[in-house]
Amino acid sequence: MVYMWSMLYLLRNDPEKIKASQRARGLDESLVDKALELDLKWRKTLTRVNELRREHNKISREIATLSGEERIKKLEEARKLAERIEFEERVLRDLEEERTRVLLGIPNVIHDSVPIGRSEEDNVPIRFYGKPKVYREFLDEFLRQVKGFNVDYEVIDWKPKGHADMLDFLGLGDTVKAGEVATSRFYYLFDDLVWLDFGLLLYAIDFLSQQGFRVILTPYMLRRSAYEGVTTLSDFEEALYKIDGEDLFLIATSEHSIAAYHMNDLMDEDDLPLLYAGVSACFRKEAGAHGKDTKGIFRVHQFNKIEQFVFCMPEESWDWIERLIGNAEKLWSGLEIPYRVVNICSGELSAVVAKRYDLEAWMPAQGKYREMVSCSNCLDWQSYRLNIRFQRKGKKGLERGYVHTLNSTAIASTRAITAILENYQEPDGCVIIPKVLRPYLEMFKKAPKEVIYPVKSKVGKRN
RNA sequence: GCCGGGGUAGCCUAGCGGUAAGGCGCAGGCCUGGAGAGCCUGUGUCCCUUCGGGGACUCGCGGGUUCAAAUCCCGCCCCCGGCGCCA
C-alpha cells in the first residue's frame with residue numbers, strides 16, 4: 001500500500017479526479033495538466049542531476065587517493081562537472097518549486113458525497129432536530145429552509161427580539177462602547193452572560209472529555225511557518241491578525257494550534273486516533289464580511305470556543321467526520337436548541353476541506369437557520385503541510401504515511417449565546433436557562449440558575 | 001536582553017574536512033517441538049528500473065568556502081544552564 005501525499009498520488013495515478021474536484025469547486029482545471037507536465041519534467045531532470053552527481057562523487061573520491069599530475073587533472077575535471085551540476089540543480093530547483101507551488105495551490109479533492117453547487121442555496125439539509133418557534137411572518141421563509149423535511153414547529157404570534165436588541169434590553173452587553181475603544185465587532189458582556197459563556201464552555205469540555213477527548217489549552221499565537229500548514233495564504237490577509245514587528249499570528253481557532261502541536265511528529269498506528277478538545281479564544285478579522293451581521297455578537301472579532309480535533313489513520317477519517325458531527329449534535333440537542341445539519345456544497349468549501357457539515361441553529365428573531373458548528377474532514381491537506389505522519393507494520397517492514405485531520409466546533413460561546421437569547425426568550429423578554437447548563441452555573445453563587453432577567457446597568461451610561 | 005552548552009535517521013549516542021560509526025527499538029530471515037536467547041539482513045526522503053536491483057539526497061533551517069562540509073565561516077530558529085528583567 002502506498003501512503004504518499006494524496007495530491008501527488010492522484011496527480012500521477014488519477015488526475016481526472018482532481019480535475020473533477022476543481023470543476024465542482026468552480027476552479028481552473030488546467031492547473032492539473034500544468035502540474036502533471038512539471039512533475040514529468042522534474043523527474044527527468046532529477047534523474048539527469050543524479051547521474052551527474054554520481055559521476056562527481058566518483059571523481060571526488062578518486063582525488064583523495066591521487067597526487068601530482070593525476071590529481072591536478074582530476075581536480076580540473078571535478079571543477080567543471082561541479083559547474084554543470086550547479087546549473088542543472090538550478091533548473092531542478094525551479095521546476096520543483098513551480099510544481100510544489102501549483103500542487104499546494106490546488107484545494108483539497110472533494111468527497112463524492114459533497115453536493116455540487118455554487119452558493120449557500122445549494123447546501124443540502126440532511127437532518128433536523130427540535131421544534132422551532134416560528135414567528136407567523138417568517139412561516140414561508142421557514143418552510144422554504146425545511147426543504148420538504150417533515151419538521152414539527154410551533155407558530156408564535158409575538159416577534160422575538162433579536163439577540164443584539166436583547167443585549168440592550170437585558171442590560172448585559174455593550175457593543176457601542178466596545179466599538180469606541182476597540183472597533184466594531186467587539187463587545188463587553190456582563191454578569192449573567194459571562195456566567196453563561198463559561199457555563200457553555202464547561203458543558204462542552206465536560207461532555208467531550210467523557211468521550212475520550214483530551215482537554216487542551218493552546219498558544220493563542222503561532223509563527224508563520226506553523227500557520228502555513230493549516231490554512232490558505234488568503235487567510236493571512238482576510239482572517240488573521242498579525243502581531244506587529246513579530247513573526248506571530250493570533251489564532252483564528254484552536255484547530256490551528258492543535259494541528260500545529262504535532263508538527264513533524266511520527267506517530268505509531270497504536271497511538272491513533274488522538275482526540276483533543278481545544279479551549280481557546282479565537283481572533284478573526286472578518287475582512288470579507290462588510291455589512292453582514294454588524295449588530296450584536298453573532299459575528300465578532302473575538303470569542304471563546306471549544307473545538308474537537310482528531311488525528312487519525314487515513315481509512316478512519318470518513319467515519320470520524322460522522323462521529324464529530326454526532327458529538328456536536330448531542331451538545332446542541334442537549335441544549336434543546338432546534339437545528340438542522342447541512343452538507344455544504346462544493347462551491348462553498350474552503351481549500352483545506354474535502355467535506356464539511358454545518359450545524360445551523362434556528363434563530364427565531366431572524367427567521368433563519370444560522371451556522372453554529374462547522375465540522376470538516378481535511379484528509380492529509382494539513383498533515384502533509386505540517387509533516388504529521390503515522391507508521392504501521394506492513395508486509396515489507398514499516399509503512400509510513402500522512403495522518404488525516406478533522407475538526408469540528410463543539411460550542412462557540414458568543415454564537416451559542418445568541419441562539420439561547422433568541423430560542424429561550426419568553427414573550428416578556430426574559431431568558432430561560434437551558435436545563436443542561438444549570439449544573440455548570442450551580443457552583444457560582446451569583447450566577448443565574450433558571451432565568452436571566454433584565455438588569456439596570458450600574459454604569460448607567462446605557463439603558 | 002547578555003554569557004556559556006547543545007540540536008546527528010523512531011529514540012539514545014559517537015564523529016569535528018575524505019563522503020554518517022555504534023546501541024536500543026522495530027521488521028524480515030536462520031535456529032527451535034514452541035518461545036526466548038543467539039546470529040544474519042534491513043531500517044529516513046526521492047528518482048530510475050528489464051522488479052534482480054541501481055543511484056542521489058539527508059547531520060535544526062538558510063547561505064558561503066572547497067574537488068570534497070555533520071565537521072570551517074556567516075545569518076536565523078529552537079532547547080538546556082547561568083545572569084538580568086519581571087507577574
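Here is how names work: the chains are called A, B, and so on, in the same order as the sequence lines, proteins then strands, and each is numbered from 1.
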message = In this structure, how many angstroms lie between the C1' atom of B/rC57 and the NE2 atom of A/H56, rounded?
response = 15 Å
query = Is any side-chain heavy atom of A/K446 less than 4.5 Å from a side-chain heavy atom of A/D191?
reply = no
request  = Step by step, work out the salt bridge (charged side-chain N to carboxylate O under 4.0 Å, His left out) result for A/E371 and A/K292.
outcome  = CA-CA 13 Å; A/E371 177 187 338; A/K292 280 188 207 161; over 6 Å; no
request  = For B/rC73 versus B/rG5, give the span between their P atoms, rounded off to a whole number of Å.
outcome  = 13 Å
inquiry  = Side-chain N or O of A/R54 versus OP1/OP2 of B/rG54: is the shortest distance under 4.0 Å?
reply    = no
ask   = Nearest nucleotide by nearest heavy atom, which residue falls closer to the 5' end of RNA chain B, A/L46 or A/E51?
value = A/L46
ask   = Rounding to the closest angstrom, what is the interatomic distance between B/rA20 and B/rA9 at atom C1'?
value = 10 Å
request  = Please say which of A/R53, A/R48, A/R84 ends up in a salt bridge (charged side-chain N to carboxylate O under 4.0 Å, His left out) with A/E89.
outcome  = A/R53
inquiry  = Tell me which one of A/L331, A/T418, A/I411, A/I337 satisfies side-chain contact (heavy atoms from CB on, under 4.5 Å) with A/M372.
reply    = A/T418
inquiry  = Say we look at B/rU65 and B/rG15: how far apart would their P atoms be, to the nearest angstrom?
reply    = 29 Å
ask   = How far does the C1' atom of B/rU50 sit from the matching atom of B/rA37, given to the nearest Å?
value = 43 Å
ask   = Should the ring pair A/F311 and A/H262 be called parallel, tilted or perpendicular, given that the plane angle runs from 0 to 90° and is split at 30 and 60?
value = perpendicular
message = From C-beta outward on A/W42, which listed nucleotide comes closest to its side chain: B/rG10, B/rC46, B/rC67?
response = B/rC46
message = Distance check, P atoms only: B/rU19 and B/rU71, in whole angstrom units.
response = 15 Å
Below 3.5 Å between N/O atoms, which protein atoms pair up with nucleotides 17-19 of chain B? Just atom names and distances, please.
| residue | atom | partner | partner atom | Å |
| --- | --- | --- | --- | --- |
| B/rG18 | N2 | A/S60 | O | 3.0 |
| B/rG18 | N2 | A/S60 | OG | 3.3 |
| B/rU19 | O4 | A/S60 | OG | 2.7 |

remark   = Per nearest nucleotide of RNA chain B, the residue lying toward the 5' end, A/R93 or A/E89, is A/E89
query = Does A/R53 place a side-chain N or O at less than 4.0 Å from the phosphate oxygens OP1/OP2 of B/rC48?
reply = no
key: Atom-to-atom span, CD of A/E399 to P of B/rG44 - whole angstrom   = 12 Å
message = Measuring only the P atom in each nucleotide, how far is B/rC3 from B/rG18? A whole number of Å is fine.
response = 31 Å
key: Among A/L8, A/L36, A/L104, A/L40, side-chain contact (heavy atoms from CB on, under 4.5 Å) partner for A/R99   = A/L8
ask   = Side chain of A/R79: nearest nucleotide among B/rC67, B/rC48, B/rG44?
value = B/rC67
query = Does A/R415 count as lying over the ring of A/F303, i.e. NZ or CZ under 6.0 Å from the six-ring centre, within 45 degrees of the axis?
reply = no
task = Report the glycosidic orientation of B/rG52: syn if within 90° of 0, anti in every other case.
result = syn
message = Please report the distance, rounded to the nearest Å, between CZ in A/R12 and C1' in B/rC48.
response = 12 Å
request  = Side chain of A/L75 only, please: which of B/rC67, B/rC47, B/rG44 is the nearest?
outcome  = B/rC67
ask   = Are A/T409 and A/K305 close enough, and set up right, to give a side-chain hydrogen bond (donor to acceptor under 3.5 Å, both in side chains), and what steps lead you there?
value = CA-CA 7 Å; A/T409 321; A/K305 178 156 66 73; 5.1 Å; no
query = Is it the case that A/E322 and A/Y357 place a side-chain donor and acceptor less than 3.5 Å from each other?
reply = yes
task = Round to a whole Å and report the spacing from OH of A/Y9 to P of B/rU45.
result = 17 Å
query = A/R389 CZ to B/rA9 P: how many Å, rounded?
reply = 12 Å
Minimum-distance pair of heavy atoms, taken over all atoms of A/A354 and A/L379 = CB-CD1, 3.5 Å
ask   = What parts of residues 258-275 of chain A reach RNA chain B, counting only heavy atoms under 4.0 Å away?
value = A/L266
task = Fit a plane to each ring of A/Y402 and A/Y384, take the angle between them on a 0 to 90° scale, and name the class: parallel (under 30°), tilted (30 to 60°) or perpendicular (over 60°).
result = perpendicular
query = Is it true that atom CZ of A/F236 has more than 12 heavy atoms of other residues, nucleotides or ligands lying nearer than 6.0 Å?
reply = yes
request  = For nucleotides B/rU13 and B/rG6, find the distance between their P atoms and express it as a whole number of Å.
outcome  = 13 Å
remark   = Here the helical stems involving RNA chain B, each at least 3 consecutive Watson-Crick or G-U pairs closer than 3.5 Å, sorted by first residue number, are B:1-7 with B:77-83, B:10-12 with B:22-24, B:25-30 with B:38-43, B:44-48 with B:53-57, B:60-64 with B:72-76
query = Looking only at atom C1', what distance separates B/rG52 and B/rC48, rounded to whole Å?
reply = 14 Å
inquiry  = Using whole Å, what does the distance between atom C1' of nucleotide B/rG54 and atom NZ of A/K58 come to?
reply    = 15 Å
request  = Return the value, rounded to whole Å, for the distance between atom CZ of A/R223 and atom C1' of B/rC79.
outcome  = 12 Å
query = Nearest heavy-atom pair of A/D206 and A/S209: which atoms, and what distance?
reply = O-OG, 3.0 Å
ask   = Under 4.0 angstrom, heavy atoms only, what part of the nucleic acid is A/R84 near: base, sugar-phosphate, or nothing?
value = nothing
request  = Would you kindly give the CG-to-C1' distance between A/N387 and B/rA9, to the nearest whole Å?
outcome  = 13 Å
Close side-chain approach of A/Q391 and A/D268, heavy atoms under 4.5 Å = yes
